[in-house]
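When reading the values below, keep in mind they use all heavy atoms of this one structure, side chains included, and skip hydrogens, waters and symmetry mates. This one's a predicted model, so the numbers in the text were calculated from it and none came from an experiment. Residues take their numbers from the sequence shown, with the count starting at 1.
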Amino acid sequence: MATFVLVHGGGHGGWCYKKVAQRLRAAGHEVHAPTLSGLAERSHLRKTDIGLATHVQDVASLLHYEDLSDVILVGHSYGGMVITGAADNTPERVGRLVFLDAANPVNGQSLVDVAGPIIEASRPFGAVIDGVELVLLPAPEAPLFYGVTDPADVEWMAARLTGHPWQCFEDRLDFVNEDAFWKIPQYHVVCTSTLATRDPQLVATARAEGRLWDIDTGHDLMITEPDAVTAALLDIAAA
């Protein structure tokens, strides 16, 4: 049995992994899909000081208080920033990292540094609510931005998306255990359409070493292609 911790991306919550979590549990694995502070069912806890460090601590604290070890830590989109920080904070608890069509930062980078043009494009459509600048605001058509087109999925997502604090995207990672972090095996499950935007050397090396899966679907691949995502995660667990 493997232990998976599935970390969502911007504007989402643990709910977005429902299909994948069900499949992994049915295969006999332990699954945690936390919601980061200030989002989804925790949106009522939003504060002006929520940033990337808050979300890194959310995940690091989960690993500690649930006493998890040899975890397969999965991050989608912005969640790649979060799992990188959490693995750096608690490298002794993480067995493998999986970047699910996610940001692949290095020490000192922010999401704006990694995916500037895409994420900056969302800022003009944001709003300041209760003193917090929010982007990726929910709307009936918002799921289309994430590559989700099935009407049932669009309706389900639109009812659950929440605005995301912009500060999280500007904050930079500050490694404390960098040597230990880079010893953790890293795997990449990406959308075919995003391959051209990624570091060619990273992609080539991961592919040559059997650490790359590409799925021809939209960005929210855990919603649009849960069977393929689950199969990739099970392959990683068995590696």
Side-chain angles (χ1 to χ4, degrees), residues 3-21 24 31-66 68 71-90 93-94 97-105 109-112 114-115 118-119 122-123 126-127 129-138 142-143 145-146 156-175 219-223 229:
T3 301
F4 292 90
V5 174
L6 312 176
V7 180
H8 63 83
H12 289 54
W15 57 265
C16 71
Y17 282 110
K18 182 176 181 179
K19 296 178 183 181
V20 170
L24 290 173
V31 182
H32 300 262
T35 290
L36 302 173
S37 294
L39 294 152
E41 76 272 16
R42 303 185 69 198
S43 59
H44 64 290
L45 301 176
R46 185 185 298 132
K47 300 187 297 181
T48 56
D49 62 351
I50 286 179
L52 176 58
T54 311
H55 292 161
V56 167
Q57 190 59 54
D58 285 339
V59 176
S61 293
L62 172 70
L63 301 182
H64 170 74
Y65 285 103
E66 293 289 344
L68 304 179
V71 166
I72 300 174
L73 187 55
V74 182
H76 173 249
S77 196
Y78 161 73
M81 303 292 301
V82 179
I83 66 168
T84 298
D88 170 68
N89 272 255
T90 57
R93 293 188 177 273
V94 180
L97 285 168
V98 182
F99 294 87
L100 188 61
D101 212 44
N104 299 117
Q109 285 189 318
S110 69
L111 185 63
V112 172
V114 176
I118 296 173
I119 199 63
S122 70
R123 198 173 189 185
I129 300 176
D130 296 329
V132 181
E133 182 181 1
L134 299 176
V135 294
L136 304 178
L137 298 178
F145 175 74
Y146 300 102
W156 180 70
M157 285 183 64
R160 289 165 176 80
L161 293 169
T162 47
H164 196 107
W166 171 258
Q167 186 62 49
C168 300
F169 300 157
E170 283 192 328
D171 287 348
R172 289 182 164 82
L173 287 168
D174 184 13
F175 281 29
H219 180 54
D220 272 15
L221 63 175
M222 67 284 189
I223 294 174
V229 170

Item to complete: Sort out for me which residue in Asp174, Asn89, Leu36 forms a side chain to side chain contact (heavy atoms under 4.5 Å, CB included) with Val56.
Response: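 In the set Asp174, Asn89, Leu36, the residue that makes a side chain to side chain contact (heavy atoms under 4.5 Å, CB included) with Val56 is Asn89.
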
Atom [atom1] of [X] and atom [atom2] of [Y]: how far apart are they, to the nearest 0.5 Å?
| X | Y | atom1 | atom2 | value |
| --- | --- | --- | --- | --- |
| His8 | Tyr17 | NE2 | OH | 8.5 Å |
| Leu6 | Lys18 | CG | NZ | 15.0 Å |
| Met81 | Ile83 | CE | CD1 | 11.0 Å |
| Leu73 | Phe4 | CG | CZ | 11.5 Å |
| Tyr78 | Leu111 | OH | CG | 8.0 Å |
| Cys168 | Ile50 | SG | CD1 | 7.0 Å |

Fill in: Between Glu41 and Thr35, a side-chain donor and acceptor under 3.5 Å
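Glu41 vs Thr35: donor-acceptor pair found between side chains.
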
Worksheet item: Among side-chain atoms of Ser37 and Asp58, is any donor-acceptor pair under 3.5 angstrom?
Response: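 Result is yes, a qualifying pair exists.
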
What are the two closest heavy atoms between [X] and [Y], and how far apart are they?
| X | Y | answer |
| --- | --- | --- |
| Ala158 | Pro143 | N-CG, 3.8 Å |
| Ala60 | Thr90 | CB-CG2, 4.1 Å |
| Val59 | Ala86 | CG1-CB, 3.7 Å |
| Val135 | Arg123 | CG1-CA, 3.8 Å |
| Ala102 | Gly75 | CB-O, 3.2 Å |
| Ala40 | Gly13 | CB-CA, 3.9 Å |

Is there side-chain contact between [X] and [Y], with heavy atoms separated by less than 4.5 Å?
| X | Y | value |
| --- | --- | --- |
| Asp220 | His76 | yes |
| Val98 | Ile72 | yes |
| Lys47 | Thr54 | no |
| Val5 | Leu63 | yes |
| Ser110 | Asp171 | no |
| Val114 | Asn104 | no |
| Leu136 | Trp166 | no |

Worksheet item: Between Asp101 and Ser77, is a side-chain contact (heavy atoms from CB on, under 4.5 Å) present by the stated rule, with each step listed?
Response: CA-CA 6 Å; Asp101 212 44; Ser77 196; over 6 Å; no

Discussion item. Between Arg93 and Glu66, does any NZ, NE, NH1 or NH2 come within less than 4.0 Å of an OD or OE carboxylate oxygen?
Written reply: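 Between Arg93 and Glu66 there is no salt bridge, as every charged N stays at least 4.0 Å from the carboxylate O atoms.
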
Worksheet item: Would you find more than 12 non-hydrogen atoms of other residues, nucleotides or ligands less than 6.0 Å from Asp49 atom CG?
Response: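 Count over threshold, so yes.
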
Discussion item. I'd like to know whether CD1 of Ile129 has more than 12 heavy-atom contacts from other residues, nucleotides or ligands below 6.0 angstrom.
Written reply: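 More than 12 within 6.0 Å, yes.
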
Discussion item. For Glu133 and Gln167: C-alpha separation, side-chain torsions, deciding distance, then whether side-chain contact (heavy atoms from CB on, under 4.5 Å) applies.
Written reply: CA-CA 8 Å; Glu133 182 181 1; Gln167 186 62 49; over 6 Å; no

Worksheet item: Should the pair Trp15 and His12 be assigned to parallel (<30°), tilted (30 to 60°) or perpendicular (>60°) ring geometry?
Response: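 Ring orientation of Trp15 relative to His12: parallel.
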
Worksheet item: Under the side-chain contact (heavy atoms from CB on, under 4.5 Å) criterion, do Thr84 and Leu173 qualify, and how do the steps go?
Response: CA-CA 8 Å; Thr84 298; Leu173 287 168; 3.7 Å; yes

Worksheet item: Can the ring centroids of His164 and His55 be said to lie less than 6.0 angstrom from one another?
Response: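 Distance test on ring centres: under 6.0 Å, yes.
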
Fill in: Heavy-atom donor-acceptor pair, Ser43 side chain to Gly38 backbone, under 3.5 Å
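Checking the backbone N and O of Gly38 against the side chain of Ser43, no donor-acceptor pair under 3.5 Å is found.
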
Practice prompt. Dump the intermediate steps for side-chain contact (heavy atoms from CB on, under 4.5 Å) on Val229 and Leu100, then the final yes or no.
Written response: CA-CA 9 Å; Val229 170; Leu100 188 61; 4.1 Å; yes

